[in-house]
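Okay, so here's the structure we're looking at.
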Amino acid sequence: MVATWNPAAASGYYLRQSDYYLGGEEPAGIWHAPAGDFSLFDGAKVDRGEFERLFLGHDAEGNSLLSKAGRRLDRTPAFDVTLSAPRSVSLAWAFADPATRVLIEEAQAKASRATLDLLEREAAFARRGRNGAIIEPVALTAACFQHGESRPAIHADGRVFADPNLHTHCVVLNMAERADGSVGALHSKILRDWKMAAGATYHSALAAELQAIGFGIDRIGRNGIFELEGVDDDIIRYFSARRSEIEAELDLAGTTSTEAAALAAAVTRATRNAKDGKAASSREKTWRKAAVDSGIDEQKFTQGLFVHGAIFAPGQAGILLQEKMAALPRELTEHESVIDRRELVRAVTASLVGTGFPVERANAEVERLLADGAVVEIGQDALGLPRYSTPEMIEIERDIVRLAGDMATRSWHAADQSVLTVGDDTLVLNPEQRDAALAATGPSAIVIVEGAPGSGKSTMLAPVVAAHRAAGLRVVGTATAWRVANALRDDLGIEARATASWMERLRQGRSFLDRSSVLVVDEAGLLSSREMHALLTAIHRADAKLILVGDRRQLQAIGAGPGLDLVASAIDANRVDTIVRQREEWTREAVMAFGRGDAVSALAAFADHGHLVETETNRAALDQIATLRREHMQATDQERFLVVARTNAQVAAISRTVRNDLRATGQLTGPDVSFRAVTPSGHEMTIDLAAGDRIRFLARNDRLGVVNGTTGIVTKIVTAENEAGNPAAIRIEAMVDGRRVSFSPDDLADERGRARLGWAYATTVYGSQGMTVDRAVVFLDPAFDRHAIHVAASRARNATTLIVDRSAIDMRLAADRPLDRQDDPLDTSEDERQKWLAERLSRAVVKSSTFDMSVVSSLNAGSRLHERDGRRSPTLSLSL
């Protein structure tokens, strides 16, 4: 983790250098106090007594600086913002000559200061009034402690030592002087929410400072993370043993640090080893010995990293930055149509990394984007802080509402509703389904049918299709996933394709609609604003009809903007909420409870009926899933069993465990053949296959007759060896939908040569949407929200078992503690864990649209804004 945010440890944690930081080799702390709050001098050394009393919130006489309302016993005294240099930078620092080491430390200090300056400028607000309901901008005061190592860990060669790890603990006091001279607590949520932007600022500032010294920058990644040019990845891996420990623990948890930052931080604490003070004075000697044994000349290592000559030709850096800024508005709205200021600042700042421009350039670029209208402020959030979008997204989402409203007022061809009845009896539909079918076959050119998962929306579609066909109309279907589109094709007997495929036809000028066409969109809640706009535009131009079937309460669109929600703002939706999929009443009630955010009663129901299983460890959870799967396979058809997890990494971890079980029972035959593959989220992995493996194709291949989501069973693998005895060519034979196919991993390779192929023993929540099985198992982790659990828990007709790794919850609970208490044993009861998990599962994370912001802006219209120190700042009540 490069930039972490935690409640601070006790003051002594940072001051006991001789005990905790290996012999007091770390420099004294430095105050960051540009405003001079609490009579501090900016840049002064941290005095032990002064730090301890301010940490407690006391003045020089020992009296509380805070108002009576702020003197709570459970008050968090400070927040620890830890900024860690990339490992290559730490290695350059560790092996540098004294003069170069000082330059690197100065670069670290300047980058840390730039990060605190950003947080003060953008995220520092003090609270006042009842329950802290009023906020105002303030200055930050922080004690900055530089340290140079991680905790001891076992390395690849068996040595145990602390790796070089240059990092700074910025201990931000949880109080600030307000405009009237009083002292108030900080608004911690705003400060915490700026963590990613703080990380980007740190990366950008540090990269620019290091480039100014003469280092080259490469391997620029997410949020601006980078490494020094010339430091080999193998060296970085060796001297990252602590990181490897954490990644190994995360691998057991079935996730990665980039997918679950909070869990990564929790594992960091949970896998700590106590520091060995006896090794105090030998860290440089240890590092040098390890370097020599690794083939590194530590005396020449850092000097060899300096780049000779300019990194860019004159003007080239400016052209590069200009190109990045031109592409940024579209990138910002790739997944969200409305962005917060912190995301705008984060993206702009991360774009500076590698250009050599100082981090201060980010402010100018943000203001230029706003001044040029490439990004526009469209309103404020509940705190009065600005929110943004782009002219493109504003136009798209306004046009969706306009087109939907226009189509709703247009009378369309009448369907033959007589087919909805057989003699005097209505088809076997419940009243909600019947009403929805009548609406879908009515005269409107656009119809929404929404409903809970398992409420029979698909069942309702069969007579709707029949009614339109009886009137001589053509019905076609679509869904975001090929698997769901193919199910429409098979269940309804209509032509159906994935939405991306239809849209590609539109881009080629090949319209697939006319005045007698009806387009049925399944799982319409997954459509982004851009996708919805493209379909609506095509429907409107062709004078065709659109039937949207989905649920805004289930999973949100992956792309920017809630397409279905925008249409529903223009026309009324028809609801189908009576669940018919689950066969037991308690299950139906529990699924509905999850959907409305009542996870407490839902989890209690699952627990009471023996379908909530807690395991002690992640490994035990995976083993339990494999056992349940084996028991089900022995009794029934494996096609009717489903394992659902949140991430692709968890799916892979489950699949490996299931494969071990299959090996042990002799269901996999022949040796494993390994090759590089890629998950749907773009992460590289190694996949092992043998005869008997169940596989899932993750890309369309017309020659094989497969699409994304098609499954098969491997029957044979043939390999040809090269001169070294390693597999040089792999040929896989498999049964797919009763057909025998033969292919090479290369036939499914992406642009980097990674096969788009995976195991079919589990699926993500997104992959499960639209599926119906007899029995399901859900690997339930604390990152599930209301939408995810609503979908995952509703896939099975008969029984769904929720598997919970108790240790994952305990790690999260420990991570919420101050740094020095995160290793303490937890005494958490089953009821406490269940209550905490229920709070997580009740969260609804709904995508905003630019259309929504007009409502939010009107609510915030009465907010008082005032200028302070040239800064536009809100002062408003949070009880709006």
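In terms of modelled atom types and a separation under 3.5 Å, the side chain of Arg795 and the main chain of Val791 share a donor-acceptor contact. At least one donor-acceptor pair closer than 3.5 Å links the side chain of Asn223 to the backbone N or O of Met196. For the pair Asp702 (side chain) and Gly705 (backbone), a donor-acceptor distance under 3.5 Å is absent. Not one N or O on the side chain of Arg756 forms a donor-acceptor pair closer than 3.5 Å with the backbone of Arg700. Judged by distance alone, with hydrogens and angles left aside, the side-chain atoms of Glu227 form a donor-acceptor pair with the main-chain N or O of Ser88 at under 3.5 Å. Listed for the Ser294 side chain is no donor-acceptor partner under 3.5 Å among the backbone atoms of Ile296. Proximity of a side-chain donor or acceptor of Lys847 to a complementary backbone N or O of His335 within less than 3.5 Å is detected. Under a 3.5 Å cut-off, the side chain of Arg739 and the backbone N or O of Leu704 do form a donor-acceptor pair. Side-chain atoms of Arg505 never come within 3.5 Å of backbone atoms of Trp502 as a donor-acceptor pair (strictly under, hydrogens ignored).
Taken to the nearest 0.5 Å, the CG atom of Leu662 stands 7.0 Å off from the CG atom of Asp693. Separation of atoms OG (Ser240) and CG (Asp233) is listed at 10.0 Å; rounding is to 0.5 Å. Separating the CG atom in Asp805 from the CD atom in Glu616 is a distance of 9.0 Å, to the nearest 0.5 Å. Put simply, CZ on Arg754 and CG on Leu698 are 12.0 Å apart, with the number rounded to the nearest 0.5 Å. Considering CG of Leu748 and CG of Asn701, their distance stands at 5.5 Å, rounded to 0.5 Å. A distance of 8.0 Å separates OG of Ser351 from CZ of Arg346, quoted to the nearest 0.5 Å.
The aromatic rings of Tyr238 and Phe161 sit tilted, their planes meeting at an angle between 30° and 60°. By the 30° and 60° cut-offs, the orientation of the rings of Phe594 relative to Phe606 is tilted.
For Val644 against Ala792, the heavy-atom pair with the smallest separation is CG1-CB, 4.0 Å. Counting all heavy atoms, side chain and backbone alike, Ala690 lies closest to Gly670 at CB-O, 4.0 Å. For Gly550 against Leu564, the heavy-atom pair with the smallest separation is C-CD2, 4.3 Å. Nearest heavy-atom pair, Thr615 versus Ala620, reported as atom, atom and distance to 0.1 Å: CB-CB, 3.8 Å. Taking all atoms of both residues into account, the shortest heavy-atom contact from Pro680 to Asn648 is CD-OD1, 3.3 Å. Ser674 and Ile730 get closest at one heavy-atom pair: O-CD1, 4.0 Å.
Side chains of His155 and Asp163 form a contact here, defined as non-hydrogen atoms less than 4.5 Å apart. Between Asp293 and Asp157 there is no side-chain heavy-atom pair separated by less than 4.5 Å. The shortest distance between side-chain heavy atoms of Arg740 and Met735 falls below 4.5 Å. Using a 4.5 Å cut-off on side-chain heavy atoms (C-beta onward), Arg752 and Glu684 make contact. Side-chain contact between Leu841 and Leu780 is present, with at least one heavy-atom pair separated by less than 4.5 Å. At least one side-chain heavy atom of Leu757 sits under 4.5 Å from a side-chain heavy atom of Phe675. Taking 4.5 Å as the limit, some side-chain heavy atom of Phe697 sits within range of a side-chain heavy atom of Val736. At a threshold of 4.5 Å between non-hydrogen side-chain atoms, the residues Arg663 and Asp672 count as touching.
The pair Arg656-Asp688 does not count as a salt bridge, with every side-chain nitrogen at least 4.0 angstrom from each carboxylate oxygen. The pair Arg629-Asp661 does not count as a salt bridge, with every side-chain nitrogen at least 4.0 angstrom from each carboxylate oxygen.
Side-chain polar atoms of Thr478 and Thr499 form a donor-acceptor pair below 3.5 angstrom. Using modelled atom types and a 3.5 Å distance limit, the side chains of Arg619 and Thr657 yield a donor-acceptor pair. A side-chain donor from one of Arg731 and Ser742 sits under 3.5 Å from a side-chain acceptor of the other.
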Practice problem: Please assess Thr763 against Ser768 for the test side-chain hydrogen bond (donor to acceptor under 3.5 Å, both in side chains), listing each intermediate value before the final yes or no. | Solution: CA-CA 6 Å; Thr763 185; Ser768 75; 6.0 Å; no

Practice problem: Could you check Trp759 against Ile654 for side chain to side chain contact (heavy atoms under 4.5 Å, CB included), going step by step and ending with a plain yes or no? | Solution: CA-CA 10 Å; Trp759 293 296; Ile654 292 167; over 6 Å; no

Quiz item: Ile220 and His203: side chain to side chain contact (heavy atoms under 4.5 Å, CB included), yes or no, with the steps?
Solution: CA-CA 10 Å; Ile220 300 171; His203 301 153; over 6 Å; no

Quiz item: Step by step, would you call Ile236 with Arg219 a side chain to side chain contact (heavy atoms under 4.5 Å, CB included)?
Solution: CA-CA 12 Å; Ile236 292 173; Arg219 286 163 286 181; 3.7 Å; yes

Self-check item: Verdict with supporting geometry, Ser84 and Asn165, side chain to side chain contact (heavy atoms under 4.5 Å, CB included)
Solution: CA-CA 7 Å; Ser84 301; Asn165 179 27; 4.1 Å; yes

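For the side-chain contact (heavy atoms from CB on, under 4.5 Å) with Leu628, the qualifying choice from Val613, Val643, Val777 is Val777, the only one to do so.
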